[in-house]
Every structure is written in C-alpha cells, then in structure tokens.
Amino acid sequence: MKRMKGGEEGSDDSSCESPAEVCKKVRKQLSDDSEPEVAESLDCNWARLPQELLLHIFQYLPLLDRAYASQVCRGWNQAFHMPELWRCFEFELNQPASSYLKATHPDLIKQIIKRHSNHLQYVSFKVDSSTESAEAACDILSQLVNCSLKTLGLISTARPSFMEVPKSHFISALTVVFVNSKSLSSLKIDDTPVDDPSLKVLVANNSDTLKLLKMSSCPHVSPAGILCVADQCHGLRELALNYHLLSDELLLALSSEKHVHLEHLRIDVVSENPGQHFHTIKKSSWDAMMRHSPKFNLVMYFFLYEDEFGPFFNEEIPVTHLYFGRSVSKEVLGRVGLHCPRLVELVVCANGLRPLDEELIRIAKHCTQLSAIGLGECEVSCSAFVEFVKMCGRRLSQLSIMEEVLIPDHKYSLDEIHWEVSKHLGRVWFPDMMPTW
C-alpha cells in the first residue's frame with residue numbers, strides 16, 4: 001500500500017515513522033475516503049496492512065508461527081520472504097535420536113539456501129552431541145557461497161561434536177564463509193578443528209572488520225596462528241582462547257600502536273593430564289597491555305590440579321574475573337590476594353578442609369575493586385567472614401556463599417551471621433543452599 005503523508009503519495013519521510021503511526025494513518029485514510037459501512041469492513045481487512053507494519057509484527061513471531069502466517073494470503077507470503085526477516089537466523093541441527101531439542105525443518109533449510117542465502121548476515125549453528133548434526137552444519141556452510149556474513153557462531157550444546165567431523169570437511173566449509181564474507185566482525189568457533197591456514201584465509205579477507213574472536217579449545221591452532229590474527233586484525237576488541245596460545249608476543253601485538261584498545265580477553269587454563277607443564281607470561285608483557293588498554297577485562301578460568309599452579313600469581317597480573325573450577329590451595333589464594341589488585345570477581349568452587357580466614361582478609365585488603373565472590377566447598381570461620389564483608393562493604397553486589405562453608409565460632413552462630421552480614425551490606429542476605437554461579 002502506498003504510504004501517505006501530508007496528502008502526498010510516496011513521501012520519503014514516512015520511512016521514519018513508527019509502525020503505530022503508519023497504522024493510525026491507514027485507518028484515517030480508510031475512514032476519510034470510504035462510506036462508514038465500507039470503511040468499517042476495510043478497516044478489518046488484515047490483507048491491507050502496510051508492509052512496514054507487517055514486517056514489524058513478523059519480527060516478533062517465532063519461525064513456525066511466521067510460516068503459518070505466510071499461508072494466510074499472498075501479501076503475507078511476500079512479507080514472509082522479505083530480506084529483513086532473514087538477516088538473522090539460527091540453524092538448530094538436533095538429531096531426534098540424540099536430542100530432545102527442536103530442530104530446523106530440512107525443507108526450510110533448503111528454502112533458505114535457495115531463496116535467502118544472500119540475505120543472511122547474522123548466523124549461528126546449534127548442534128547436539130551427534131556427528132550427524134555437525135556434518136549437517138558443515139554441509140550448509142559449504143553452500144553459503146552467495147552470502148556475506150557479519151557474524152558466525154558454531155555452538156555445541158553437548159560434547160564438541162565438530163571435533164568428530166573430518167578436519168578437511170570442516171575446514172573446506174569454513175573457508176567458503178571466510179572467502180565470501182568480506183565484512184565478518186564476530187566469529188565464535190570454540191571446540192572446532194580450525195587450524196592456522198584457515199585463520200590466514202580469515203585474515204586475508206576480513207582483517208579490517210573482525211572485532212570479536214572466540215576460539216577456546218581449538219587444538220590445531222598454534223601460537224603463531226593466533227599471532228597472525230593479532231598482527232593483522234587491528235580492530236580486534238574481544239578475544240577468547242586457551243592458555244597454550246597465549247604468549248608474550250601475542251600480548252605485545254595486541255598492545256601495538258596500530259591496534260585498538262582491547263576490551264575483553266578470556267583465557268581458559270585447562271589441564272588435560274595431571275602434572276602438565278605451563279609456561280610463564282612476563283610481567284612486562286602484562287604491563288604493556290595495561291598501558292595500551294587500561295580498562296580491559298582479563299577473565300581467567302582455571303581447571304588445574306593443585307600442583308600445577310606454580311607458574312601463576314607469582315607476580316602482579318591484571319586479572320579482573322577469576323574462576324577456579326577445581327580445588328585450589330590456600331597458598332595460591334594467598335598469592336591471588338597479593339598480586340591481583342584489579343580483581344572484580346572471584347569464584348572458588350573447592351578448596352579443602354583448611355579455613356581460608358587469612359586469605360579472605362588479604363583479598364579484601366588488597367583487591368579494593370572486588371564486588372562479587374562465590375565460595376563452594378571451602379571453609380571460613382563466621383568471624384573472619386564478617387570481617388571480610390565489613391572490609392569490602394556495600395561494594396559487594398554479589399555474595400554467593402554456600403551455607404556449609406561457614407563455620408560457627410565463639411562470636412557468631414549460623415543463626416546470627418546473616419543479620420551481621422546484612423548490616424554491613426545494607427541489604428538482606430542469607431547463605432545459599434546451592435551454588436548460583
């Protein structure tokens with residue numbers, strides 16, 4: 001339907017109007033130009049909804065409902081195929097035998113590839129634990145030869161099934177996207193067999209636009225491969241990778257004058273076998289990062305055995321968010337309190353049977369930006385915990401402490417401690433019955 005404004009047809013200003021304003025004008029036009037009885041009947045004719053308003057409504061509908069709506073009339077079917085509705089799409093490739101989650105219908109996938117592949121811009125693939133799901137994702141990727149994606153995410157909802165796909169098949173499919181997408185800005189390829197040569201293809205075609213890269217648990221990528229990305233992609237703002245890819249050279253590349261300020265760096269420190277050796281990053285490299293990007297967030301996830309923490313926290317490190325997924329010793333937590341002055345969030349899933357009284361007090365004293373803490377299988381005396389909360393004060397916006405962590409002493413019982421803690425926090429607080437992190 002032609003849009004009306006000020007009595008003139010086809011005014012360009014109408015494109016700035018909200019859907020509600022468009023609908024109001026259409027109703028006024030119908031009532032002005034028709035007899036009352038005719039206007040009433042036309043006013044209820046949903047087939048005459050303006051395309052702008054129909055598009056706005058369709059954007060709120062789930063895909064299945066949108067498909068049903070497309071069968072109402074020719075106009076709605078045309079709206080169903082409007083390019084704006086296909087810029088963002090998530091392929092859910094779950095196998096009925098291995099997943100209870102819904103899956104994108106194969107016929108719809110064929111229709112998307114045939115009619116809308118050149119409209120796709122923001123795409124993600126969700127696969128289950130089956131190899132068939134990952135192979136289906138690779139088959140779709142290899143057919144996206146006419147699209148120029150801006151974001152791509154490969155998500156394994158269970159075990160990393162992309163690692164079960166033949167490497168050559170995966171690399172070939174991913175290369176199709178890298179070559180045809182000249183403006184890729186966000187890439188999430190965790191737990192995939194991506195390798196150094198494919199990253200070079202990514203850089204060759206998208207170095208000016210890439211801003212986010214998440215590639216944790218990619219065993220075929222070397223430190224040299226990720227260094228190539230940092231050297232060429234000067235607009236990179238967010239990066240997630242495993243510790244074995246982190247190097248002094250990488251930090252210096254991210255700190256170069258040509259590079260934009262880094263906003264978020266996530267490092268997963270994972271031990272595959274007990275006794276694994278980990279290299280040390282120089283303090284001077286971290287200092288260079290801080291001078292270049294003083295406000296960046298450094299998030300570190302540790303899944304190590306207690307005897308593997310030797311190279312860590314011996315010197316100051318600008319970590320802001322710290323998560324210990326396995327048991328961590330009192331000694332290591334003591335070093336955290338001394339050498340992590342930027343710490344904002346700390347989660348300790350397990351420690352042992354030795355109270356962490358001194359370590360918590362040290363963290364409260366030296367980590368003056370700490371605002372969130374979670375403690376699981378640990379022990380802290382009630383008196384030390386109250387002192388910790390008192391030192392941190394109301395800046396503790398999140399305090400998740402399991403009830404069994406707190407050990408009653410001569411000052412406080414479990415029935416009394418929540419009142420004392422609530423007083424220092426300025427809000428009602430109770431220990432958790434189960435972990436919330």
*Asks:* As a quick check of understanding, evaluate side-chain contact (heavy atoms from CB on, under 4.5 Å) for Phe324 and Leu333, giving each step before the final call.
*Replies:* CA-CA 10 Å; Phe324 294 103; Leu333 289 176; 4.0 Å; yes
*Asks:* Measuring from Ile189:CD1 to Lys214:NZ, what's the distance to the nearest 0.5 Å?
*Replies:*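 Spacing of CD1 (Ile189) from NZ (Lys214) equals 12.5 Å.
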*Asks:* Are Lys200 and Cys228 side-chain neighbours, meaning at least one heavy-atom pair lies under 4.5 Å?
*Replies:*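 Answer yes - side chains close enough.
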*Asks:* Within 45 degrees of the ring normal and closer than 6.0 Å to the centroid, is that where the cationic atom of Arg326 sits relative to Phe302?
*Replies:*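 So Arg326 doesn't make the cation-pi contact.
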*Asks:* So does Glu92 get a backbone contact from the side chain of Thr104, meaning a donor-acceptor N/O pair under 3.5 Å?
*Replies:*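 Yes.
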*Asks:* Identify the two heavy atoms, one from Ile317 and one from Pro341, that lie closest to each other, and give their separation to 0.1 Å.
*Replies:*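 So the minimum-distance heavy-atom pair works out to O-CD, 4.3 Å.
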*Asks:* Please report the interatomic distance CD1(Ile373) to CD1(Ile363), rounded to the nearest 0.5 Å.
*Replies:*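 Nearest 0.5 Å value for the CD1-CD1 distance: 6.0 Å.
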*Asks:* Counting only heavy atoms not in Lys167, do more than 12 sit closer than 6.0 Å to its NZ atom?
*Replies:*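 Result for NZ/Lys167: enclosed.
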*Asks:* Between Arg115 (side chain) and Ile112 (backbone), is there a donor-acceptor pair under 3.5 Å?
*Replies:*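 Answer holds: no.
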*Asks:* Are more than 12 heavy atoms from other residues, nucleotides or ligands located less than 6.0 Å from atom NZ of Lys182?
*Replies:*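 Yes, because the 6.0 Å sphere around NZ of Lys182 holds more than 12 heavy atoms from other groups.
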*Asks:* Answer yes or no: is there a donor N or O on one side and an acceptor on the other, between the side chain of His234 and the main chain of Asp231, under 3.5 Å?
*Replies:*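 Present.
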*Asks:* Quick one: salt bridge (charged side-chain N to carboxylate O under 4.0 Å, His left out) partners of Arg335, sequence neighbours excluded?
*Replies:*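 Arg335 satisfies salt bridge (charged side-chain N to carboxylate O under 4.0 Å, His left out) with Glu331 once adjacent residues are dropped.
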*Asks:* Using modelled atom types only, decide if a donor and an acceptor are shared between the side chain of His264 and the backbone of Leu298 within a distance under 3.5 Å.
*Replies:*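 Here the side-chain-to-backbone pair does not exist.
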*Asks:* Go through the side-chain N and O atoms of Ser400 and Asp432 and say whether any donor and acceptor fall under 3.5 Å apart.
*Replies:*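 Side chains of Ser400 and Asp432: pair found under 3.5 Å.
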*Asks:* Apply side-chain hydrogen bond (donor to acceptor under 3.5 Å, both in side chains) to Glu306 and Ser327, showing your working.
*Replies:* CA-CA 7 Å; Glu306 287 192 13; Ser327 181; 2.8 Å; yes
*Asks:* If you count heavy atoms of other groups shown closer than 6.0 angstrom to OH of Tyr68, is the number above 12?
*Replies:*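 Check fails, neighbour count at 12 or below.
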*Asks:* Where do Asn351 and Cys378 come nearest, in terms of heavy atoms and distance?
*Replies:*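 Heavy atoms only, the tightest pair is CB-SG, 3.7 Å.
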*Asks:* Are Val165 and Cys138 close enough that some pair of their side-chain heavy atoms sits under 4.5 Å apart?
*Replies:*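 They are in contact (side-chain heavy atoms under 4.5 Å apart), so the answer is yes.
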*Asks:* Say whether, by atom type as modelled, one donor and one acceptor occur between the side chain of Ser293 and the main chain of Leu262 under 3.5 angstrom.
*Replies:*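 A pair under 3.5 Å: yes.
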*Asks:* For the pair Ser255 (side chain) and Leu251 (backbone), establish whether a donor and an acceptor sit closer than 3.5 Å, ignoring hydrogens and angles.
*Replies:*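 Side chain of Ser255 to backbone of Leu251: a pair is present.
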*Asks:* Under 4.5 Å between any side-chain heavy atoms of Tyr122 and Ser186, yes or no?
*Replies:*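 Result no, sub-4.5 Å side-chain heavy-atom pair not found.
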*Asks:* Looking only at side chains, do His116 and His81 share a donor and an acceptor under 3.5 Å apart?
*Replies:*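 Per modelled atom types, His116 and His81 side chains form a pair under 3.5 Å.
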*Asks:* Any side-chain donor-acceptor pair under 3.5 Å between Glu345 and Tyr323?
*Replies:*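 Judged by distance alone, the side chains do pair up.
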*Asks:* Is it the case that Arg87 and His119 place a side-chain donor and acceptor less than 3.5 Å from each other?
*Replies:*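 Absent: no donor and acceptor within the cut-off.
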*Asks:* Looking only at side chains, do Asn146 and Ser117 share a donor and an acceptor under 3.5 Å apart?
*Replies:*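 Per modelled atom types, Asn146 and Ser117 side chains form no pair under 3.5 Å.
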*Asks:* Can Lys283 and Asp287 be counted as an ion pair, charged N to O under 4.0 angstrom?
*Replies:*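 Answer for the salt bridge query: yes.
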*Asks:* Does the ring of Phe296 carry Arg342 above it, NZ/CZ under 6.0 angstrom from centre and within 45° of its axis?
*Replies:*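 Checked: cation-pi criterion met.
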*Asks:* Just one of Leu346, Val347, Ile401 clears the side chain to side chain contact (heavy atoms under 4.5 Å, CB included) bar with Leu375, so which one?
*Replies:*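 When Leu346, Val347, Ile401 are each tested with Leu375, the side chain to side chain contact (heavy atoms under 4.5 Å, CB included) holds only for Ile401.
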*Asks:* Looking at residues at least two apart in the chain, or sitting in another chain, which of them share a ring-ring contact (aromatic ring centres under 6.0 Å, His included) with Tyr243?
*Replies:*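 ring-ring contact (aromatic ring centres under 6.0 Å, His included) check on Tyr243 returns His279, Phe312.
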*Asks:* Run the side-chain hydrogen bond (donor to acceptor under 3.5 Å, both in side chains) test against Ser207 and tell me which residues pass, sequence neighbours left out.
*Replies:*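 Once residues adjacent in sequence are excluded, Ser207 has no partner under the side-chain hydrogen bond (donor to acceptor under 3.5 Å, both in side chains) criterion.
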*Asks:* Looking only at heavy atoms, what is the nearest atom pair of Leu227 and Ala253, with distance?
*Replies:*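 The answer is CD1-CB, 3.9 Å.
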*Asks:* Should Asp190 and Ser217 be marked as a side-chain hydrogen bond (donor to acceptor under 3.5 Å, both in side chains) after you check the CA-CA gap, both sets of side-chain angles, and the distance that decides it?
*Replies:* CA-CA 6 Å; Asp190 299 320; Ser217 302; over 6 Å; no
*Asks:* How far apart are the closest heavy atoms of Leu61 and Arg66, and which atoms are they?
*Replies:*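 Minimum heavy-atom contact is O-NH2, 3.5 Å.
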*Asks:* Would you kindly say whether Asp128 and Ser133 are connected by a side-chain donor-acceptor distance under 3.5 Å?
*Replies:*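 Looking only at side-chain atoms, Ser133 and Asp128 do form a donor-acceptor pair, the distance falling under 3.5 Å.
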*Asks:* Are Leu239 and Leu254 side-chain neighbours, meaning at least one heavy-atom pair lies under 4.5 Å?
*Replies:*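 Leu239 reaches Leu254 side chain to side chain.
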*Asks:* If you round to the nearest 0.5 Å, how far is CD of Gln121 from CH2 of Trp86?
*Replies:*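 Atom-to-atom, Trp86:CH2 and Gln121:CD are 14.5 Å apart.
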*Asks:* My understanding is that only residues two or more places apart in sequence, or in another chain, count here; which of them pass salt bridge (charged side-chain N to carboxylate O under 4.0 Å, His left out) with Glu238?
*Replies:*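 Residues passing salt bridge (charged side-chain N to carboxylate O under 4.0 Å, His left out) with Glu238: none at all.
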*Asks:* Whether Arg237 and Glu263 form a salt bridge (side-chain N of Lys/Arg under 4.0 Å from carboxylate O of Asp/Glu) is what I want to check.
*Replies:*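 A salt bridge is present here (some side-chain N lies under 4.0 Å from a carboxylate O).
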*Asks:* Among pairs that include at least one residue of residues 125-160, which meet ring pair (Phe, Tyr, Trp, His ring centres under 6.0 Å), considering only residues two or more places apart or in two chains?
*Replies:*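 Checked against ring pair (Phe, Tyr, Trp, His ring centres under 6.0 Å) - neighbours excluded - the pairs reaching residues 125-160 are Phe91-Phe125.
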*Asks:* Using a 3.5 Å distance criterion without hydrogens, assess whether the side chain of His292 forms a donor-acceptor pair with backbone atoms of His259.
*Replies:*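 Yes, because the side chain of His292 sits within donor-acceptor range (under 3.5 Å) of the backbone of His259.
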*Asks:* For the pair Ser148 (side chain) and Ser181 (backbone), establish whether a donor and an acceptor sit closer than 3.5 Å, ignoring hydrogens and angles.
*Replies:*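 Between the backbone of Ser181 and the side chain of Ser148 there is no qualifying donor-acceptor contact (under 3.5 Å).
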*Asks:* Under a 4.5 Å cut-off applied to non-hydrogen side-chain atoms, are Leu212 and Leu187 in contact?
*Replies:*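 No, too far: nothing below the 4.5 Å cut-off.
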*Asks:* To check you understand the geometry: which heavy-atom pair defines the closest contact between Ser70 and Asn77, and what is its length?
*Replies:*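 That closest heavy-atom pairing would be O-CB, 3.2 Å.
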*Asks:* For the CG atom of Leu250 and the CG atom of Leu241, what is their distance to the nearest 0.5 Å?
*Replies:*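 Answer for the CG-CG pair, Leu250 versus Leu241, is 6.5 Å.
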*Asks:* List the steps, then state whether side-chain hydrogen bond (donor to acceptor under 3.5 Å, both in side chains) holds for Asp196 with His220.
*Replies:* CA-CA 7 Å; Asp196 291 356; His220 300 295; over 6 Å; no
*Asks:* Do Lys282 and Glu315 meet the salt-bridge criterion of a basic N to acidic O distance under 4.0 Å?
*Replies:*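 No, Glu315 and Lys282 are not salt-bridged.
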*Asks:* Does Glu272 offer a backbone N or O that forms a donor-acceptor pair with the side chain of Gln276 under 3.5 Å?
*Replies:*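 Yes; judged by distance alone, with no hydrogens or angles, the pair exists.
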*Asks:* Tell me, which pairs form a ring pair (Phe, Tyr, Trp, His ring centres under 6.0 Å) where one or both residues lie in residues 147-166, sequence neighbours left out?
*Replies:*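 As it turns out, the ring pair (Phe, Tyr, Trp, His ring centres under 6.0 Å) pairs with a partner in residues 147-166, which skip direct neighbours, are Phe162-Phe170.
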*Asks:* Does any N or O in the side chain of Glu164 come within less than 3.5 Å of the main-chain N or O of Pro160, such that one atom is a donor and the other an acceptor?
*Replies:*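 Checking the backbone N and O of Pro160 against the side chain of Glu164, no donor-acceptor pair under 3.5 Å is found.
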*Asks:* Take Asp268 and Arg266 through the salt bridge (Lys or Arg N to Asp or Glu O under 4.0 Å) test and state the conclusion after the steps.
*Replies:* CA-CA 7 Å; Asp268 291 348; Arg266 168 175 168 162; 2.9 Å; yes
*Asks:* Among side-chain atoms of Thr175 and Ser172, is any donor-acceptor pair under 3.5 angstrom?
*Replies:*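 Absent: no donor and acceptor within the cut-off.
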*Asks:* Nearest heavy-atom pair of Val221 and Asp195: which atoms, and what distance?
*Replies:*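 Reported closest heavy-atom pair: CG2-CA, 4.1 Å.
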*Asks:* NZ/Lys126 to CG/Leu154 distance, rounded to the nearest 0.5 angstrom?
*Replies:*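 So the NZ of Lys126 and the CG of Leu154 are separated by 13.0 Å.
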*Asks:* I need the Leu213 CG to Ser185 OG distance, nearest 0.5 Å.
*Replies:*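 Between Leu213 CG and Ser185 OG, I get 11.5 Å after rounding to 0.5 Å.
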